[in-house]
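Written out below as structure tokens is the structure these notes cover.
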Amino acid sequence: MIRRSAVDNSYANDYADLTALKRLADQNRIAILLIHHLRKQKDDDPFNRISGTTGLSGAVDTSFTLVEERRGSGRATLSCIGRDIEYRELGLRRNESSIWELVSDSREHPELLLLDIVFLVSDFMKGKSEYHGTPT
């Protein structure tokens with residue numbers, strides 16, 4: 001809603017538009033929360049789902065993505081990354097009043113950030129002192 005309609009969506013334009021907002025925020029010592037769309041296409045990295053070029057995330061200090069497990073499920077993950085914060089994932093559940101409640105936090109449970117394969121290999125190796133075989 002803040003862009004001119006004739007502007008193309010190149011990296012330079014994405015970066016320039018957000019740099020102008022960041023400059024305004026820095027000069028006035030305020031935070032500006034910009035709401036933007038995610039692509040519907042799935043990706044292991046939630047920040048790759050931000051619609052547009054990487055100029056959007058490159059120009060800002062912090063990015064958050066809120067991705068619902070599936071439409072209407074009432075369960076979502078809020079992923080947070082930024083220049084001044086560590087990567088963090090918050091598991092959320094929408095209650096009967098439509099308010100998101102915290103279910104899990106990767107800061108308190110860093111194992112939540114591990115890939116499923118780590119758990120599979122760990123289970124496979126339980127009770128084994130060594131493995132002989134191919135990588136596959």
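- A pairwise comparison of heavy atoms in S73 and E68 identifies N-OE2, 3.3 Å as the closest pair.
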As a quick check of understanding, evaluate side chain to side chain contact (heavy atoms under 4.5 Å, CB included) for L18 and L34, giving each step before the final call. CA-CA 9 Å; L18 285 162; L34 177 68; 3.0 Å; yes
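- With sequence neighbours excluded, no residue forms a salt bridge (charged side-chain N to carboxylate O under 4.0 Å, His left out) with K128.
- Of all non-hydrogen atoms in V60 and R83, the two that sit nearest each other are O-NH1, 2.8 Å.
- Atom CD of E86 has 12 or fewer heavy atoms from other residues, nucleotides or ligands within 6.0 Å.
- Across S10 and T53, no two heavy atoms sit closer than the pair C-CG2, 3.7 Å.
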With side chain to side chain contact (heavy atoms under 4.5 Å, CB included) as the criterion, how do R39 and N48 come out once you've worked through the C-alpha distance, each side chain's angles and the decisive distance to 0.1 Å? CA-CA 9 Å; R39 296 183 292 118; N48 287 340; 4.3 Å; yes
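- If you take CG on D44 and CZ on R49, they are separated by 11.0 Å, rounding to the nearest 0.5 Å.
- Taking OG of S104 as the reference point, atom CZ of R75 lies at 8.0 Å (rounded to 0.5 Å).
- Using a 4.5 Å heavy-atom threshold, the side chains of I85 and C80 count as touching.
- Under the 3.5 Å distance criterion, the side-chain polar atoms of T62 are left unmatched by any main-chain donor or acceptor of G82.
- Within the model, atoms CG of L92 and CD of E69 stand 10.5 Å from one another, a figure rounded to the nearest 0.5 Å.
- Across all their heavy atoms, Y131 and T134 have their closest contact at OH-O, 3.1 Å.
- Distance check, rounded to the nearest 0.5 Å: OG1 of T65 to CG of D43 gives 10.5 Å.
- Grouping the Ile, Leu, Val, Met, Phe, Trp and Tyr side chains by contacts below 4.5 angstrom, directly or via other members, places L56 with V67.
- The heavy-atom pair separating L66 from W100 by the smallest distance is CD2-NE1, 4.2 Å.
- Taking OG from S79 and OH from Y87, the interatomic distance works out to 3.5 Å, rounded to the nearest 0.5 Å.
- Grouping the Ile, Leu, Val, Met, Phe, Trp and Tyr side chains by contacts below 4.5 angstrom, directly or via other members, places F64 apart from V103.
- K40 contributes atom NZ, which lies 9.5 Å from atom OG of S51 (distance to the nearest 0.5 angstrom).
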Checking S57 against F47 for the side chain to side chain contact (heavy atoms under 4.5 Å, CB included) test, could you report, in this order, the C-alpha distance in whole Å, the side-chain angles of both residues, the deciding distance, and whether it holds? CA-CA 8 Å; S57 36; F47 298 98; 5.9 Å; no
What's the verdict on side chain to side chain contact (heavy atoms under 4.5 Å, CB included) for R88 and D105, showing C-alpha distance, side-chain angles and the deciding distance? CA-CA 7 Å; R88 186 174 183 184; D105 184 344; 2.4 Å; yes
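- Placement of I81 and L38 within a single hydrophobic cluster is found when ILVMFWY residues are connected by side-chain heavy-atom separations under 4.5 Å, directly or transitively.
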